[in-house]
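To start, the structure itself, in structure tokens.
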Amino acid sequence: MKLGCISWSHRADFDSGRLDLFSWMEHCRQDAKLDGVELWNNSFGSLEPDYLEKLLEKSRELSLPIYSVATGARCGDVSLEEMGRVRATVRQWLAITDVLGASVMRISGGGGDLRNPDRQRIVFESLASVVREGTY
């Protein structure tokens with residue numbers, strides 16, 4: 001068994017500026033002795049390629065794999081416009097997940113009464129359509 005942590009767990013420390021992803025990854029490896037990390041989208045300091053490369057370098061330096069990236073796909077409604085925004089968000093984060101070499105991207109869906117089976121179907125079909133595209 002391997003143990004990891006999602007940066008969301010330390011969101012208060014990120015929000016206050018006490019942690020950034022680099023110092024958090026050091027904490028995960030050196031203090032918590034974890035085997036890997038999941039990076040939450042709100043923890044990222046930037047989405048620029050050089051920042052992502054620095055995350056990869058830190059991962060290699062610490063021998064701490066980035067096994068997953070997590071993002072949100074909030075759906076206020078299930079209109080074509082809203083689903084277009086959701087697909088764009090998922091595309092962006094799939095590309096980032098790919099750059100970081102993570103094997104998993106976790107999506108937290110929410111909003112717009114997603115307990116309604118008809119709405120669920122629309123949202124899940126929209127998400128699946130991006131994955132089927134295969135290019136990010």
Side-chain angles (χ1 to χ4, degrees):
M1 178 185 310
K2 294 187 180 212
L3 295 176
C5 184
I6 182 172
S7 55
W8 178 86
S9 299
H10 292 88
R11 65 194 173 279
D13 291 320
F14 283 96
D15 290 346
S16 72
R18 285 189 299 266
L19 282 178
D20 62 16
L21 278 178
F22 304 101
S23 58
W24 177 76
M25 289 170 73
E26 288 172 359
H27 164 73
C28 287
R29 172 46 95 201
Q30 296 164 356
D31 302 326
K33 309 292 188 217
L34 297 176
D35 300 303
V37 290
E38 179 175 6
L39 306 182
W40 178 48
N41 66 318
N42 287 4
S43 303
F44 281 69
S46 170
L47 302 181
E48 295 300 318
D50 62 327
Y51 180 85
L52 300 177
E53 183 57 38
K54 288 177 184 172
L55 287 174
L56 276 173
E57 288 172 14
K58 181 57 82 175
S59 171
R60 288 189 287 265
E61 171 193 323
L62 297 170
S63 297
L64 185 71
I66 300 168
Y67 61 82
S68 179
V69 174
T71 190
R74 306 283 306 164
C75 306
D77 59 45
V78 292
S79 67
L80 289 175
E81 182 179 341
E82 182 75 15
M83 290 298 95
R85 281 194 292 276
V86 166
R87 284 191 297 278
T89 296
V90 171
R91 260 186 220 101
Q92 177 185 33
W93 284 98
L94 278 170
I96 291 167
T97 300
D98 190 49
V99 165
L100 295 175
S103 60
V104 173
M105 184 182 89
R106 187 164 58 88
I107 302 168
S108 297
D113 188 23
L114 285 183
R115 293 182 184 194
N116 177 314
D118 293 329
R119 285 177 173 255
Q120 284 180 5
R121 184 181 40 61
I122 292 167
V123 171
F124 295 151
E125 285 175 0
S126 291
L127 298 176
S129 72
V130 174
V131 174
R132 284 192 300 269
E133 290 171 5
T135 56
Y136 320 112

Kindly compute the distance separating [atom1] ([X]) from [atom2] ([Y]), expressed to the nearest 0.5 Å.
X	Y	atom1	atom2	value
T71	W40	OG1	CH2	10.0 Å
W93	R106	CH2	CZ	13.0 Å
K54	S46	NZ	OG	9.0 Å
L19	S43	CG	OG	9.0 Å
C28	L21	SG	CG	9.5 Å
H10	R18	NE2	CZ	10.5 Å

Please determine whether residues [X] and [Y] belong to a single hydrophobic cluster, defined as Ile, Leu, Val, Met, Phe, Trp and Tyr linked transitively by side-chain heavy-atom distances below 4.5 Å.
X	Y	answer
V130	V104	no
Y51	W24	yes
V99	I66	yes
V131	I107	yes

Heavy-atom closest contact ([X] atom, [Y] atom, distance):
X	Y	answer
L39	F44	CB-CE1, 3.7 Å
F14	S7	CE1-O, 3.5 Å
L64	L34	CD1-O, 3.5 Å
L52	L47	CD1-O, 3.8 Å
S63	P65	O-CD, 3.6 Å
A70	I6	CB-CD1, 3.9 Å

Strictly below 4.0 Å, N to O, side chains only: are [X] and [Y] in salt-bridge contact?
X	Y	answer
E61	K58	yes
E133	R87	no
E82	R85	yes
R60	E53	yes

Evaluate the side chain to side chain contact (heavy atoms under 4.5 Å, CB included) criterion for residues N41 and V69: first the C-alpha distance (whole Å), next the side-chain angles of each, then the deciding distance (0.1 Å), finally the verdict.
CA-CA 7 Å; N41 66 318; V69 174; 5.8 Å; no
Any chance you could lay out the side chain to side chain contact (heavy atoms under 4.5 Å, CB included) test for Q30 and L62, step after step, and finish with the verdict?
CA-CA 8 Å; Q30 296 164 356; L62 297 170; 3.9 Å; yes
Under 3.5 Å, is there a donor-acceptor pair between the side chain of D35 and the main chain of G4?
no
Would you say L94 and D98 make side-chain contact, with heavy atoms under 4.5 Å?
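Answer no - side chains too far apart.
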Chi angles and distances behind the side chain to side chain contact (heavy atoms under 4.5 Å, CB included) call for M83, I122
CA-CA 8 Å; M83 290 298 95; I122 292 167; 4.1 Å; yes
Given the rule in the side chain to side chain contact (heavy atoms under 4.5 Å, CB included) test, do I96 and M105 qualify, once you have shown the distances and angles that lead to the verdict?
CA-CA 9 Å; I96 291 167; M105 184 182 89; over 6 Å; no
